[in-house]
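Notes to accompany the following structure.
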Amino acid sequence: MKYYVKISCLIVLLMVVFLLLITGCKNNKEPNENGKSKPNIILFVADDHGMDALGCYGNLVIQTPNLDKLAAEGTRFTNAYCTSASAASRSVILSGKYGHATGSYGHVHEYHHFSTFDDVKSLPVLLEENGYLTARIGKYHVAPEKVYHFQEELKANPRNTYEMAEKCADVLKSDKPFFLYFCTDDPHREKSTDPSRWDTPNSVGNKPEGFPGVKTTVYDPKDVMVPYFLPDTKQSREEIAQYYQSISRIDQGFGKLMEMLKARGKDKNTIVLYISDNGMAFPEAKNNGMNLGLNCLASLKTHLNRKKEM
């Protein structure tokens, strides 16, 4: 039996910060006290990806071979929870503190205007102070910028993780240890596909013409797995099929990023963490107290991993 750790997302973050900061060297060519180079880190955050929709979590329909491989080679977390949804969750991911301790109670955009206190030190700031190149791409959704400062901001379509991966090439080539914060818009819902029809499935960012570099994976609604708390109806199945398609697109971009990392010879010295800000954006899930809204998927692979059997 594989060894699966049960832990909260907050503790996962603190573990990663600890691993990075104890090395205490200024670049990844200098040995730390153990004679090893300082590890890079890739923090890959999906948007509204629930535990229901990954092969490694028991879904027999969805095609996610690259994310399944990460879980198989690293550690799959089965009891990781977010403390809130969306922007408030992202502030926790990057600060390591609960929202009530930082002032990040909700969204930062439009009329909400929630913002983290100026005296909070975030993960990218701490890593920059310890000699890291810090870069972000995709969804940001936190404020203010001076608290969550990254040295580089990369631009790409946040619905196309393959394109996003290609834009990260220079970061992966860095002579300094790097922290790459890679955040997709998938599988977050898109604006209503057809407001005049309540039963039209949301596109979840999918497009009929697809995306450059991505092989579109289409799912038959009759094949999808409907969670226990949703009605097993035509409308539920059609929208879950769109949700699956969006996640398979994430998987291809993640695979491309791992391929690029290996080509640079840095796959053995990089901590890779895949998480979501919260669960699936369906009734009784995201923003609700149900498990698939707060119980988050998380897979972690590091050069320190040791396989265990029990």
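Quick note: residue numbers are just sequence positions, from 1. Keep in mind that what you see is a predicted model, and the values were worked out from it rather than measured.
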Closest non-hydrogen atom pair, Asn160 against Val214: OD1-CG2, 3.4 Å
ILVMFWY cluster, Leu273 and Val45 together (side-chain gap under 4.5 Å): yes
Intermediate values then yes/no, salt bridge (charged side-chain N to carboxylate O under 4.0 Å, His left out), Arg189 and Asp48: CA-CA 8 Å; Arg189 289 172 179 271; Asp48 298 352; over 6 Å; no
Joint hydrophobic cluster, Val204 plus Tyr162, side-chain heavy atoms closer than 4.5 Å: no
Approximate separation, where rounding is to 0.5 Å, of Gln252 CD and Lys215 NZ: 8.0 Å
No-hydrogen, no-angle side-chain donor-acceptor test under 3.5 Å, Tyr243 and Asp52: yes
Heavy-atom pair with the smallest gap, counting every atom of Met280 and Leu230: CE-CD1, 4.4 Å
Donor-acceptor pair between Thr64 and Asp251 side chains, under 3.5 angstrom: no
Distance in Å, Asn66 CG paired with Leu257 CG, rounded so as to fall on 0.5 Å steps: 10.5 Å
Exam field: side chain Glu238 to backbone Pro201, donor-acceptor pair closer than 3.5 Å: no
Glu259/Lys262 salt bridge by N-O under 4.0 Å criterion: no
Path from Val120 to Tyr140 over hydrophobic side-chain contacts below 4.5 Å: yes
Least distance between heavy atoms, Lys121 atom then Leu126 atom: CD-CD2, 4.0 Å
Lys207, NZ atom: more than 12 neighbouring heavy atoms under 6.0 Å: yes
Spacing of Leu261 atom CG and Lys266 atom NZ [to the nearest 0.5 Å]: 8.5 Å
Qualifying residue, where the test is side chain to side chain donor-acceptor pair (under 3.5 Å) with Tyr274 and the options are Lys301, His49, Arg76: His49
Nearest-0.5 Å distance that lies between atom CG in Leu180 and atom CD in Glu152: 10.0 Å
Candidates Asn40, Leu300, Ile42 - the one meeting side-chain contact (heavy atoms from CB on, under 4.5 Å) with Ile271: Leu300
Considering all heavy atoms, the nearest Ser299-Leu70 contact: CB-CD2, 3.7 Å
Whether Arg237 side chain and Val224 backbone form a donor-acceptor pair below 3.5 Å: yes
Test side chain to side chain contact (heavy atoms under 4.5 Å, CB included) applied to Val272 and Phe182, step by step: CA-CA 11 Å; Val272 181; Phe182 191 112; over 6 Å; no
Ring centroid separation Phe179 to Tyr132 under 6.0 Å: no
Rounded distance (nearest 0.5 Å) linking atom CD1 of Ile62 with atom CG of Leu54: 6.5 Å
Ala156 versus Lys167, closest heavy-atom pair with distance: CB-CG, 3.7 Å
Minimum heavy-atom distance Lys38-Asn269, with the two atoms named: O-ND2, 3.1 Å
Value rounded to 0.5 Å, distance of CG in Asn206 from CZ in Phe211: 6.5 Å
